[in-house]
Structures are given as C-alpha cells and as structure tokens.
Asker: 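The structure follows.
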Amino acid sequence: MHEKTERNLGLELARATEAAALAAGQWAGRGETHVADTAATQAMRQVLNTIHMEGQLVIGEETRHPDYLDVLTTGEKVGDGRHPAVDVVVNPVEGIRLLAEGLPGVLSVAAAAPKGALRSFAPAAYMEKLVVSREVAMALTPKCLDAPAGWTLGLIAREKKKPVSAVTVFVLNRPRHEDLVAEIRSAGARILLRPAGDAAGALRAATPGSGVDALMGIGGTAEGVIAACATKALKGGMLARLVPQSDDERSDVLSAGLEPERIYSCDQMVSSEDVFFAATGVTDGGLLHGVRFLRKGLTTHSLVLRGKTGTLRTVHTDHHRDWLTAIMHDGEAAGD
C-alpha cells in the first residue's frame with residue numbers, strides 16, 4: 001500500500017519549477033547551456049528542500065548531463081525529511097539547447113508520487129514512447145508500439161473521430177526518426193518536428209485540445225517517467241519500451257535487471273493515482289507562457305496536475321526581483 005498524500009503537493013512542486021524557470025529564463029538566447037542548467041538546478045534544489053516531504057529522486061540528471069558536476073542525481077534525498085515519503089522526478093530545464101537559442105517550448109518540470117509508485121529505469125538513458133490523451137487511452141494496446149505508424153495513426157483518428165490528415169504528431173528531430181517521419185507523412189498525418197522538448201511534447205499529447213494528438217519516437221528515459229506522471233494525472237494513455245542506443249548502455253540496462261523488450265503501460269510506470277505534476281514555462285510554448293522580465297518584477301505561468309482529484313490548475317505568479325536575487329545568491333527566499 002502506498003502512503004496517501006492529503007495536501008496538494010503539486011502546488012508546492014510548482015514553487016520549485018518557478019524558481020528553476022526564473023533562474024534559467026535569464027539565460028534565454030545567450031548561447032549558454034551549462035551555466036543556465038546549473039543556475040536552474042541550484043534554484044530548484046533549494047526550494048525542493050523546503051517542501052514538507054521525505055523525497056528521493058528515482059532517476060536523476062546524470063545520464064542527461066554526464067559532464068555536469070552539479071546535477072540532481074538518482075537516489076538524492078530532497079525535501080525537509082518530514083512525511084509523506086515520496087518518489088520524485090525532475091528536470092530543471094527541459095530543452096536546454098532550445099533555451100540557449102531563445103527558442104520556444106522550454107519548461108521546468110517536477111513530479112512526485114507515493115514512495116514506491118514511480119518505476120525507476122536507471123541507468124537506462126533512452127526510451128521509445130507513444131503518448132495520447134484520454135480520448136484514445138482505452139483503445140491503446142501494446143500492439144500500437146510495434147505496429148506500423150499508419151496503423152496506430154488510424155486508430156488515433158478513429159477514436160478522435162477525425163481523418164488521419166487532421167492528426168498532428170510530435171516527433172523529436174533526430175536522425176534515428178527518419179523512417180518514423182517518413183511513415184507518418186506517408187499515412188497523411190501532420191508532424192510537429194522539434195529539436196528538443198520531449199516531455200513538453202508528451203504533455204501536449206496527453207492534454208485534450210492542445211493541438212497535438214500523439215507523441216511518437218525515442219527520447220530520454222527521465223523525460224519518459226515525467227511524461228508518465230503527467231499522462232497519468234490527465235487520464236491519458238502511454239506505452240514505453242527501453243531502447244539502448246549503444247552497446248555500453250545495453251550492457252548497463254541488462255546488468256541492472258531491466259528488460260529492453262518489455263512494453264510498459266502508464267499504470268506500470270506510475271502505480272498510484274495519487275500523482276502530482278508541475279510545469280512552469282521558461283520560454284513561450286504551446287501550453288504555457290515563458291518567464292516575463294518586467295520593469296517592476298517577473299511573472300511565471302505554471303500548470304499543476306493532481307491525479308487523485310483530476311484537477312488541472314494554471315497559475316500566473318508575480319515575483320519581486322529581490323526574490324530572484326536571493327534565490328540565486330543565498331537561498332533566503334527559498335521558502336517563500
């Protein structure tokens with residue numbers, strides 16, 4: 001049995017994503033990746049550690065940024081040590097290269113669920129994913145991950161009661177997706193081809209009316225767990241399978257007792273309905289506005305999901321500039 005969480009932890013996680021977004025937003029378009037990610041990580045860690053929870057990261061950033069020294073790592077304890085005991089997964093800057101170029105769609109994200117509820121896939125780095133909204137979720141079967149893309153798109157179109165030509169699929173623009181992109185286009189569907197932002201794409205695919213009907217393709221495993229939390233909270237559907245991209249990664253996956261051939265459903269990745277998810281826009285995107293740096297202060301736009309109650313909140317927050325200065329230098333405002 002998982003421990004129940006009575007308060008909405010998502011609202012508290014949003015404080016952490018806001019802090020990370022504010023810290024990262026200063027670096028938009030400035031060509032920096034390492035410095036921006038470090039600033040966001042430090043800000044997120046400070047706020048996470050003020051939240052009343054006994055948290056542990058189930059999959060960290062060490063596979064995403066192996067050369068960075070200051071990252072949130074798998075197994076790291078977060079929170080102030082009080083109950084509830086929870087599993088946590090975060091990404092201070094989801095789309096760090098997009099941020100460096102000042103491009104849209106950058107988010108800061110965090111999710112939590114009762115301890116033992118989140119499946120840890122460490123040390124796996126890559127995962128094949130299919131994400132859809134609740135309109136299609138009940139029709140999703142493991143066959144959808146192995147079938148030709150056209151077959152799966154036909155199923156999605158049928159469940160959404162529209163032609164395949166009106167279906168939009170989010171796909172990361174990677175050489176490994178050349179065949180997938182060709183299949184989707186051959187089926188007649190539209191593609192939102194993005195250079196990064198895997199978790200953001202999954203969030204849009206799981207959100208009804210977002211303009212994205214599905215996410216397909218291979219992306220990061222940590223982003224996959226984050227996506228599963230959001231999808232579960234939105235009552236959407238998700239299938240995933242580990243797909244090692246090198247012999248070394250495959251060896252690590254097998255040594256950890258993981259099964260590369262196994263297909264996981266959303267419920268197998270997140271085994272509790274009591275899941276919380278928060279995302280804050282760093283730059284403007286399809287669902288959230290980015291950080292606004294105004295003369296008198298700063299504003300953020302966040303999304304907060306709670307699976308148990310099915311609530312979806314959007315939060316516009318005004319921040320004083322002194323708050324950001326404190327977060328960046330000594331963390332005095334971390335508990336605000």
Side-chain angles (χ1 to χ4, degrees), residues 10-11 13-44 46-48 61 64-65 90-111 170 172-173 192-207 209-212 215 219-220 223 226-227 230 277-305 312-328 333 336:
L11 292 169
L13 292 174
R15 291 197 296 109
T17 59
E18 286 175 352
L22 288 167
Q26 301 178 100
W27 297 95
R30 295 171 64 180
E32 295 284 352
T33 55
H34 190 173
V35 175
D37 191 78
T38 298
T41 297
Q42 291 174 346
M44 177 172 274
Q46 285 177 12
V47 177
L48 283 175
E61 295 187 280
R64 187 187 303 118
H65 301 305
V90 302
N91 192 345
V93 185
E94 209 268 324
I96 188 66
R97 289 179 179 82
L98 296 179
L99 177 70
E101 297 176 20
L103 295 174
V106 184
L107 298 178
S108 177
V109 292
F170 183 102
L172 288 178
N173 191 3
L192 181 58
L193 202 59
R194 296 296 304 276
D198 192 16
L203 179 59
R204 290 187 67 181
T207 302
S210 71
V212 173
L215 173 138
E223 289 83 357
I226 290 169
F277 175 89
T280 301
V282 182
T283 61
D284 287 347
L287 291 176
L288 295 168
H289 303 306
V291 176
R292 298 283 190 268
F293 292 86
L294 308 175
R295 184 170 62 88
K296 293 185 177 181
L298 311 97
T299 66
T300 55
H301 185 205
S302 302
L303 175 72
V304 178
L305 306 173
L312 183 158
R313 288 181 171 88
T314 54
V315 182
H316 292 265
T317 308
D318 295 325
H319 305 270
H320 196 282
R321 282 188 178 274
D322 290 348
W323 187 91
L324 178 60
T325 301
I327 273 286
M328 296 301 294
D336 180 42

Asker: Taking the side chain as every heavy atom from C-beta outward, state whether V106 and D284 have any pair of such atoms under 4.5 Å apart.
Answerer: no
Asker: List for me each residue that meets side chain to side chain contact (heavy atoms under 4.5 Å, CB included) alongside T299, sequence neighbours excluded, and say none if there are none.
Answerer: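 Residues passing side chain to side chain contact (heavy atoms under 4.5 Å, CB included) with T299: R292, L294, D318.
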Asker: How long is the straight-line distance from NE2 of H34 back to OG1 of T41, given to the nearest 0.5 Å?
Answerer: 8.5 Å
Asker: Hey, does T280 have a side-chain heavy atom less than 4.5 Å from the side chain of L288?
Answerer: no
Asker: Would you say that V109 contacts V90 through its side chain, given a criterion of any heavy-atom pair below 4.5 Å between the two side chains?
Answerer: no
Asker: Could you give the distance from CG (D37) to CD (Q42), rounded to the nearest 0.5 Å?
Answerer: 10.0 Å
Asker: Write down the atom of A43, the atom of A23, and the distance for their closest heavy-atom approach.
Answerer: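 So the two residues come closest at CB-CB, 3.9 Å.
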Asker: What's the shortest heavy-atom distance between V304 and G10, and which atoms?
Answerer: CG1-C, 3.5 Å
Asker: List in chain and number order the residues that pass side-chain hydrogen bond (donor to acceptor under 3.5 Å, both in side chains) with T300, two or more places apart in sequence or in another chain; answer none if no residue qualifies.
Answerer: H319
Asker: Output the distance between atom CG (L107) and atom OG (S302), rounded to the nearest 0.5 Å.
Answerer: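 That separation rounds to 9.5 Å.
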Asker: Got a donor-acceptor contact below 3.5 angstrom from the R30 side chain to the Q26 backbone?
Answerer: yes
Asker: Checking A199 now: which residues fulfil side chain to side chain contact (heavy atoms under 4.5 Å, CB included) with it, not counting sequence neighbours?
Answerer: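 Checked A199 against side chain to side chain contact (heavy atoms under 4.5 Å, CB included); matches are E94, E223, I226.
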Asker: Are V35 and W27 packed together at the side-chain level, in the sense that at least one heavy-atom pair is separated by less than 4.5 angstrom?
Answerer: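 SC-SC contact between V35 and W27 confirmed.
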Asker: Can you list the residues that meet the side chain to side chain contact (heavy atoms under 4.5 Å, CB included) rule with T314, with sequence neighbours excluded?
Answerer: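 Applying side chain to side chain contact (heavy atoms under 4.5 Å, CB included) to T314 gives H301, L303, L312.
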Asker: Under 4.5 Å between any side-chain heavy atoms of K296 and H320, yes or no?
Answerer: no
Asker: What pair of heavy atoms forms the shortest contact from A279 to L203, and how long is it?
Answerer: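 Taking every non-hydrogen atom into account, CB-CD2, 4.5 Å.
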Asker: For T317 and V315, work out which heavy atoms get closest and say how close.
Answerer: OG1-CG1, 3.4 Å
Asker: Quick one: side-chain hydrogen bond (donor to acceptor under 3.5 Å, both in side chains) partners of S108, sequence neighbours excluded?
Answerer: none
Asker: Would you say the side chain of T283 lies within less than 4.5 Å of the side chain of L103, judging by non-hydrogen atoms?
Answerer: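 L103 does not reach T283 side chain to side chain.
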Asker: Report the distance from atom CG of L13 to atom CD of E18, rounding to the nearest 0.5 Å.
Answerer: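 Rounded to the nearest 0.5 Å, the CG-CD separation comes to 11.0 Å.
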Asker: With sequence neighbours excluded, what pairs up with A100 under the side chain to side chain contact (heavy atoms under 4.5 Å, CB included) test?
Answerer: T33
Asker: Any side-chain to backbone donor/acceptor pair from S210 onto R204? Under 3.5 Å, distance only.
Answerer: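 Such a contact is found between S210 side chain and R204 backbone.
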Asker: Minimum heavy-atom separation for G197 and L98, please, with both atom names.
Answerer: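 The answer is N-CD1, 4.4 Å.
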Asker: Quick one: CZ on F277 to OG1 on T17, what's the gap to the nearest 0.5 Å?
Answerer: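 One gets 8.5 Å once the value is rounded to the nearest 0.5 Å.
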Asker: Please report the closest heavy-atom contact between V291 and A21, naming both atoms and the distance.
Answerer: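 Reported closest heavy-atom pair: CG2-O, 3.5 Å.
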Asker: Once you round to the nearest 0.5 Å, how far does CG of D198 lie from CZ of F170?
Answerer: 6.5 Å
